[in-house]
Amino acid sequence: MNLKETIYKRQSIRKYDKTPLAEETLEEIRHFIDNAAVLNPDIEWSYDIVGRDNVRTLQRFKAPHYILIFSQPKDNYLQNVGFIFQQADLFLQSRGIGSCWIGAGGPKKYENPNHGQEYIIMIAFGNPQGELYRNSSQFRRKIICEISDERDSKLIPARLAPSATNSQTWYFTHNDDGSYNLYRNRPKFRLNKKTDVWNQVDMGIALAHMYVANEESFKFASEGHHEKLSGKVFEGTFTI
Ligand SMILES: Cc1cc2nc3c(=O)[nH]c(=O)nc-3n(C[C@H](O)[C@H](O)[C@H](O)COP(=O)(O)O)c2cc1C
């Protein structure tokens with residue numbers, strides 16, 4: 001299955017076979033991440049693949065591997081991380097490997113060699129125990145009209161994107177020139193600082209799905225003409 005097809009099948013996996021993946025497979029994953037598309041080339045970021053002893057999570061489940069993700073904290077770095085690593089999530093699942101973004105947790109007994117970069121988030125992965133893919137009726141997602149000013153099936157890849165606590169805080173508007181603006185719903189009440197971080201990562205994740213579905217034509221800019229919408233934060237403009 002290719003990455004585009006995986007958008008319509010993927011799901012977060014929370015049950016793993018404890019057996020580690022072959023080193024060759026981990027190398028393939030590193031190769032994919034090292035060559036993934038970025039939103040903002042001016043931001044330095046890095047990652048490391050570690051085992052379960054190097055993470056603390058609030059989850060009851062454990063995976064044999066985790067991608068710890070770090071970035072320079074500048075510009076749209078949270079979007080950038082979501083964009084890069086959602087491609088990795090799709091790659092893993094396209095290769096039959098289960099994965100799940102993990103916001104609630106962090107590195108343990110681990111020192112990041114890239115000083116000046118902050119720990120952002122991680123992705124658990126490994127061979128799934130049970131079904132890896134879901135069928136389209138199993139997606140729990142908002143309908144297009146709730147996430148867009150127009151009914152537009154071209155937005156389905158973004159609609160199916162994963163988000164922290166499945167919050168789907170994205171909102172799309174259409175411009176006269178055919179481009180789209182992306183907004184993030186400002187939370188009605190702020191649960192904690194982490195929610196804000198995760199929701200910005202979510203924006204990059206939705207953009208990654210739009211990119212993968214329109215690889216040849218996708219273009220993004222974080223600045224651009226936009227209307228101010230009440231209760232929403234402008235996140236950028238893109239064409240597909
Ligand atoms: C930024 C982010 C953080 C997440 N954090 C967690 C987490 O800490 N624990 C967890 O079990 N799932 C986590 N998830 C997975 C979401 O709960 C999941 O993507 C969402 O409910 C949609 O389900 P699906 O991925 O199966 O389509 C996270 C997802 C994202 C995008």
Side-chain angles (χ1 to χ4, degrees), residues 1 3 5-16 36 39 45 47 52 55-71 76-94 96-108 118-126 128-143 146-147 155-170 182 184-185 187 190-213 235:
M1 200 182 305
L3 265 60
E5 290 161 343
T6 308
I7 289 174
Y8 304 90
K9 292 267 174 199
R10 65 154 298 288
Q11 61 179 331
S12 294
I13 294 299
R14 298 188 177 86
K15 257 194 186 162
Y16 292 92
L39 270 190
W45 54 276
Y47 68 96
R52 49 202 289 178
V55 297
R56 52 173 183 81
T57 67
L58 297 181
Q59 322 303 318
R60 253 179 284 151
F61 69 86
K62 293 267 185 258
H65 307 284
Y66 293 82
I67 308 174
L68 297 175
I69 302 169
F70 304 87
S71 174
N76 55 341
Y77 70 107
L78 297 171
Q79 265 185 359
N80 196 47
V81 155
F83 186 79
I84 296 164
F85 286 91
Q86 183 55 23
Q87 294 167 66
D89 172 79
L90 291 172
F91 176 72
L92 289 165
Q93 299 228 358
S94 74
I97 299 166
S99 58
C100 185
W101 285 89
I102 303 287
K108 189 172 82 182
E118 279 178 5
Y119 168 74
I120 312 292
I121 198 159
M122 65 180 137
I123 296 179
F125 70 98
Q129 247 182 18
E131 205 43 58
L132 171 57
Y133 301 122
R134 60 157 58 116
N135 62 46
S136 56
S137 65
Q138 290 168 319
F139 276 96
R140 286 188 306 114
R141 294 294 189 269
K142 292 179 181 173
I143 54 172
E146 283 180 84
I147 61 162
L155 290 170
I156 289 174
R159 172 180 174 262
L160 298 180
S163 57
T165 61
N166 206 19
S167 52
Q168 308 161 67
T169 59
W170 36 67
L182 168 64
R184 173 169 50 93
N185 299 333
R190 203 168 182 229
L191 289 174
N192 57 42
K193 194 167 166 262
K194 285 265 176 192
T195 315
D196 229 40
V197 167
W198 298 338
N199 285 161
Q200 290 180 63
V201 172
D202 292 343
M203 296 301 117
I205 291 176
L207 288 169
H209 276 206
M210 292 311 291
Y211 161 66
V212 168
E235 291 277 328

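Everything quoted here is computed from the prediction, not taken from an experiment. Each residue takes its place number in the sequence, starting with 1. One-based numbering, in listed order, for ligands and for the atoms of each.
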Look only at the side chain of Arg141 and the backbone of Leu160, and say whether a donor-acceptor pair between them is shorter than 3.5 Å.
yes

If you count the non-hydrogen atoms of other residues, nucleotides and ligands that lie under 6.0 Å from NZ in Lys62, is the total more than 12?
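Yes, the 6.0 Å shell around NZ holds more than 12 heavy atoms from other groups.
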
More than 12 heavy atoms of other residues, nucleotides or ligands under 6.0 Å from NZ of Lys108: is that the case?
yes

Which protein non-hydrogen atom lies closest to [atom], naming both residue and atom, and how far is it?
atom	result
atom 25 (O) of ligand 1	Ser12 OG, 2.6 Å
atom 5 (N) of ligand 1	Gly103 N, 2.9 Å
atom 12 (N) of ligand 1	Arg14 NH2, 3.1 Å
atom 21 (O) of ligand 1	Asn166 CB, 3.4 Å

Check ligand 1 against [X] and write out every atom of the ligand that is under 4.0 Å from a heavy-atom position of the residue.
X	result
Arg141	22 (C), 24 (P), 27 (O)
Arg10	24 (P), 25 (O), 27 (O)
Ile205	31 (C)
Asp202	1 (C), 31 (C)
Cys100	12 (N)
Arg134	24 (P), 26 (O), 27 (O)
Pro162	19 (O), 25 (O), 31 (C)
Ala104	8 (O)

Who gets closest to atom 13 (C) of ligand 1 by heavy atom: Trp101, Trp198, Phe61?
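Closest candidate by heavy-atom distance is Trp101.
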
For ligand 1, note which part of Ile121 has a heavy atom under 4.0 Å away: side chain, backbone, both or neither.
side chain

Does only the side chain of Ser163 get under 4.0 Å from ligand 1, or the backbone, or both, or neither? Count heavy atoms.
backbone

Shortest non-hydrogen contact from Trp170 to Asp202?
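What the structure gives for the nearest pair is CZ3-O, 3.5 Å.
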
To check you understand the geometry: which heavy-atom pair defines the closest contact between Tyr16 and Gly98, and what is its length?
CE2-O, 3.6 Å

Pair Gln79, Glu235: side-chain N/O donor-acceptor within cut-off below 3.5 Å:
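There is such a pair (donor and acceptor under 3.5 Å, judged by atom type) between the side chains of Gln79 and Glu235.
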
Do Ser99 and Gln93 have side-chain N/O donor and acceptor atoms under 3.5 Å apart?
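There is such a pair between these side chains.
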
Are Trp45 and Phe85 near enough that their ring centres are under 6.0 Å apart?
yes

My understanding is that only residues two or more places apart in sequence, or in another chain, count here; which of them pass ring pair (Phe, Tyr, Trp, His ring centres under 6.0 Å) with Tyr66?
none

Partners of His209 by side chain to side chain donor-acceptor pair (under 3.5 Å), sequence neighbours excluded?
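Side chain to side chain donor-acceptor pair (under 3.5 Å) check on His209 returns Gln86.
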
